[in-house]
Amino acid sequence: MAGRKTDDQFKSVEKEIKEVRVSMEKGICEMEKGFGEVRAELTQNRAEFTQNLTEIRRLMEEQMTFFSAPALAPEKTGAPTTTVEEDREANRAGVAKSHLAETSGWRARQEERSVDPRVSQNVVFPAGDTGLREQGVDRAADLRIPRNPCREEREEVREFAREVPMGTQGKNWYRGEGRGVFMEGEAPKFDERRAGLGGLVHRGVERGRNPNVVSVKWQKELFKSVEIDTTQPPYVFKCQLYDLTGVPPERQKIMVKGGLLKDDADWSTLGVKVGQKLMMMGTADEIVKAPEKGPVFMEDLPEEEQVVSLGHSAGLFNLGNTCYMNSTVQCLHSVPELKSALIKYSHSGRSNEVDQTSHMLTIATRDLFNELDNSVKAVAPMQFWMVLRKKYPQFGQMHNNFFMQQDAEECWTQLLYTLSQSLRSAGSSENPDALKVLFGVDLVSRVHCQESGEETTETESVYSLKCHISHEVNHLHEGLKHGLKSELEKNSPSLGRSAIYLKESRINGLPRYLTIQFVRFFWKRESNQKAKILRKVDYPLELDVYDLCSDDLRKKLEGPRQILRDEEGKKLGLKASGKGSTSKDTDVKMSEAEGSSNGNGEPSNSKSDQGAESQKETQVTGVYDLVAVLTHKGRSADSGHYVAWVKQESGKWIEYDDDNPIPRREEDITKLSGGGDWHMAYICMYKARVLPM
């Protein structure tokens, strides 16, 4: 046991030695990497120093060239011509008196001469020339500065020349900090952008001020000559770096002596030196790119593009109690399959089965739909109204020289009947009756007489279902059940007299668009006029009519409905049922069905010419989504106001109050159930959720 412990201890020590060796190798690699960075930085600094030295030499050569050039030639007045070398020789020889006498008049005239372009912008005075002042000669009067030749700057130059120390021949001087302070040697390189006359600025440092100038390295960039104002907190310096790099101050990590630079640190304790290189880390904000195209106002767009941007069609002007007609047209205009069928109808499509007025009304409807689709401003349906009155004279009734208010349900029914006749005669063999496919409801009825026991079966096709309203009806579904039951009085062959028959109807064929009329108006015998039922009847945004269908139709609906249930179960995290099609087929069918009508009830985004599918190509599910509501406001059937509420392809609702389209929310639509003087639903149009075969 002791031997095993010793082996274990030896292995642990050996493992620790390996770890120390690995850490030491990593440290050596990091040190070599740091030495490489320092070596590269020294090489870069050496290159910058060599470049600066070359620049200084170039400036010195320019200055020597300037002072070696000949002086300005005097005017032809007899004054002698002198050069800088001659003046220096005269200064050394001590012949100042004769020189003063010869040049006194010439110097005075030189004050009025123009600026000499040969004069250098770097104003540096050789000490040799200042020796001329001992004999009364002021060479500063001969100098001009071409960049700013104002009087004040010329005076500053003269003052500078007078202050240069005497007896310093062969040396160059420049002004230091403060008045009367001069420094020997070459003047520092100055910035032409900020230097005035006598303004020798050391790389952007103004005269009389000496801030710290450092360089900052951030990622692969190096920012040179960044000023640090020690009178301001470091946060100001970080804001400067934010302008240069785009790194916000809160993300900046600047390495200084003692750690990271804090926003409220004291510069005096940090020991930052002039020319010091600071390292900064941080990520810059994403640069906001300018938009490729500037803002375009909707008023500047073409009218066709304005319609697309608006997201809904135009309104219709009220031509005088024509709100019933406007609301009917807006609801039917929302059916893309109907528009597609009308587009295919031509002027020459009339046959002998259709009269001329029906043909004209169909053409007027097609043109009005097209105008609504391509107009932003409200449309005046004058042509449509004239043809409608010609086809159905009851809509042209007048009272006191004004057109009377009419029933929107009568306008809806008459218009659909006319369109069905026209489109049926002009339809193709594949789809002989487009309107029946879109709006027709097939009913199978059982007619039973309790007295005689007679029972017959009848079939019929209607374009809308009736929701009868009584004191027992509070919901649309209840009203539909009442509407499918009725009592008839007719002659009984077995009894030989009239008898009461009970008629019970069931839906045997469903359309793409299910129209439901709320029977709110009835004839009141006591007052001999129409009356309105104001009772509140709720209606859903999603309607299921499965229990109103016949047994044969229910069997056909079981498969598609199972697909819908499986899809809803998936959304809730439930497993799909094994009945019907497989889950893979379910996914395919549901994805295709959502292109026609998705689970939220939003209409299809497909084009109108792709919407006219026959029942052979699709199968209904018995589930419908609300897409349009026609409401009536008022207590009388012969007055009041009709408004259309239509759901757009984007899923938004628009209230078409004649020529004024108003965006509405979905919760506003469910408040139109009645119960007061507000708008209440009179006609509801639902769109079927269909699945491909």
The criterion is salt bridge (Lys or Arg N to Asp or Glu O under 4.0 Å); which residues satisfy it with [X], sequence neighbours excluded?
{"X": "Arg635", "value": "Asp677"}
{"X": "Glu454", "value": "none"}
{"X": "Glu655", "value": "Arg664"}

Please determine whether the number of non-hydrogen atoms from other residues, nucleotides or ligands lying under 6.0 Å from atom [atom1] of [X] exceeds 12.
{"X": "Tyr417", "atom1": "OH", "result": "no"}
{"X": "Lys490", "atom1": "NZ", "result": "yes"}
{"X": "Arg497", "atom1": "CZ", "result": "yes"}
{"X": "Lys652", "atom1": "NZ", "result": "no"}
{"X": "Glu667", "atom1": "CD", "result": "yes"}
{"X": "Met386", "atom1": "CE", "result": "no"}

Give a yes or no on whether the backbone of [Y] and the side-chain of [X] come within a donor-acceptor separation of less than 3.5 Å.
{"X": "Thr631", "Y": "Val643", "value": "yes"}
{"X": "Ser334", "Y": "Cys331", "value": "yes"}
{"X": "Thr413", "Y": "Glu410", "value": "no"}
{"X": "Asn326", "Y": "Phe317", "value": "yes"}
{"X": "Thr459", "Y": "Val444", "value": "no"}
{"X": "Arg366", "Y": "Lys339", "value": "no"}
{"X": "Gln405", "Y": "Gly640", "value": "yes"}
{"X": "Arg535", "Y": "Ser470", "value": "yes"}
{"X": "Arg424", "Y": "Ala434", "value": "no"}
{"X": "Thr328", "Y": "Tyr324", "value": "yes"}

To check you understand the geometry: which heavy-atom pair defines the closest contact between [X] and [Y], and what is its length?
{"X": "Arg520", "Y": "Gly674", "answer": "NH2-CA, 4.3 Å"}
{"X": "Ala408", "Y": "Ser327", "answer": "CB-OG, 4.5 Å"}
{"X": "Phe403", "Y": "Asn321", "answer": "O-ND2, 2.6 Å"}
{"X": "His475", "Y": "Val473", "answer": "O-CG1, 3.4 Å"}
{"X": "Gly496", "Y": "Asn491", "answer": "C-OD1, 3.8 Å"}
{"X": "Leu510", "Y": "Cys549", "answer": "CD1-SG, 4.3 Å"}

Using 30° and 60° as the class boundaries, would you call the ring planes of Phe439 and Tyr513 parallel, tilted or perpendicular?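 Ring orientation of Phe439 relative to Tyr513: tilted.
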Parallel, tilted or perpendicular: ring planes of His359 versus Tyr345, cut at 30 and 60 degrees: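 Rings of His359 and Tyr345: tilted, as their planes differ by 30° to 60°.
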Going by atom types only, do [X] and [Y] share a side-chain donor-acceptor pair under 3.5 Å?
{"X": "Tyr656", "Y": "Ser313", "value": "yes"}
{"X": "Asn474", "Y": "Glu478", "value": "no"}
{"X": "His448", "Y": "Lys503", "value": "no"}

Within this structure, what is the [atom1]-[atom2] distance for the pair [X] and [Y], rounded to the nearest 0.5 Å?
{"X": "Leu316", "Y": "Thr322", "atom1": "CG", "atom2": "OG1", "answer": "8.5 Å"}
{"X": "Gln406", "Y": "Cys323", "atom1": "CD", "atom2": "SG", "answer": "10.5 Å"}
{"X": "Gln356", "Y": "Lys390", "atom1": "CD", "atom2": "NZ", "answer": "7.5 Å"}
{"X": "Met685", "Y": "Ser464", "atom1": "CE", "atom2": "OG", "answer": "12.5 Å"}
{"X": "His482", "Y": "His477", "atom1": "NE2", "atom2": "NE2", "answer": "12.0 Å"}
{"X": "Ile662", "Y": "Trp653", "atom1": "CD1", "atom2": "CH2", "answer": "15.0 Å"}

For residues [X] and [Y], determine if any side-chain heavy atom of one lies less than 4.5 Å from a side-chain heavy atom of the other.
{"X": "Tyr642", "Y": "Asp407", "value": "yes"}
{"X": "Met680", "Y": "Lys536", "value": "no"}
{"X": "Leu332", "Y": "Leu338", "value": "yes"}
{"X": "Tyr624", "Y": "Pro511", "value": "yes"}

Identify whether the distance between the nearest side-chain nitrogen and carboxylate oxygen of [X] and [Y] falls below 4.0 Å.
{"X": "Asp442", "Y": "Lys436", "value": "yes"}
{"X": "Arg506", "Y": "Asp551", "value": "no"}
{"X": "Glu458", "Y": "Arg446", "value": "no"}
{"X": "Lys391", "Y": "Asp355", "value": "yes"}

Step by step, would you call Leu488 with Ile500 a side-chain contact (heavy atoms from CB on, under 4.5 Å)? CA-CA 6 Å; Leu488 302 176; Ile500 302 298; over 6 Å; no
Test side-chain contact (heavy atoms from CB on, under 4.5 Å) applied to Leu480 and Ile516, step by step: CA-CA 9 Å; Leu480 289 176; Ile516 299 175; 3.9 Å; yes
Begin with the C-alpha distance, continue with both residues' side-chain angles, and end with the deciding distance and a verdict on side-chain hydrogen bond (donor to acceptor under 3.5 Å, both in side chains) for Ser550 and Asn508. CA-CA 6 Å; Ser550 62; Asn508 200 40; 2.7 Å; yes
With respect to His632, which candidate in His641, Lys532, His679 satisfies the side chain to side chain donor-acceptor pair (under 3.5 Å) definition?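 Among the candidates, only Lys532 passes.
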Between Thr418 and Tyr392, does the side-chain hydrogen bond (donor to acceptor under 3.5 Å, both in side chains) criterion hold? Intermediate values first, please. CA-CA 10 Å; Thr418 302; Tyr392 300 104; 2.4 Å; yes
Walk me through it: do Asp544 and Arg561 pass the test salt bridge (Lys or Arg N to Asp or Glu O under 4.0 Å)? CA-CA 11 Å; Asp544 191 354; Arg561 291 174 66 85; 2.8 Å; yes
Decide side-chain contact (heavy atoms from CB on, under 4.5 Å) for Val690 and Thr621; before the verdict, give the C-alpha distance in whole Å, the side-chain angles of both, and the deciding distance to 0.1 Å. CA-CA 6 Å; Val690 296; Thr621 60; over 6 Å; no
Hey, do the aromatic rings of Trp412 and Tyr682 have their centres closer than 6.0 Å?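 So the answer is no for these two rings.
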How far apart are the C-alpha atoms of Trp385 and Met325, what are their side-chain angles, what is the distance that settles it, and do they pass the side-chain contact (heavy atoms from CB on, under 4.5 Å) test? CA-CA 8 Å; Trp385 187 38; Met325 180 187 71; 3.6 Å; yes
Mind running salt bridge (Lys or Arg N to Asp or Glu O under 4.0 Å) on Lys481 and Glu472 for me, showing each step along the way? CA-CA 12 Å; Lys481 288 182 178 180; Glu472 299 175 354; over 6 Å; no
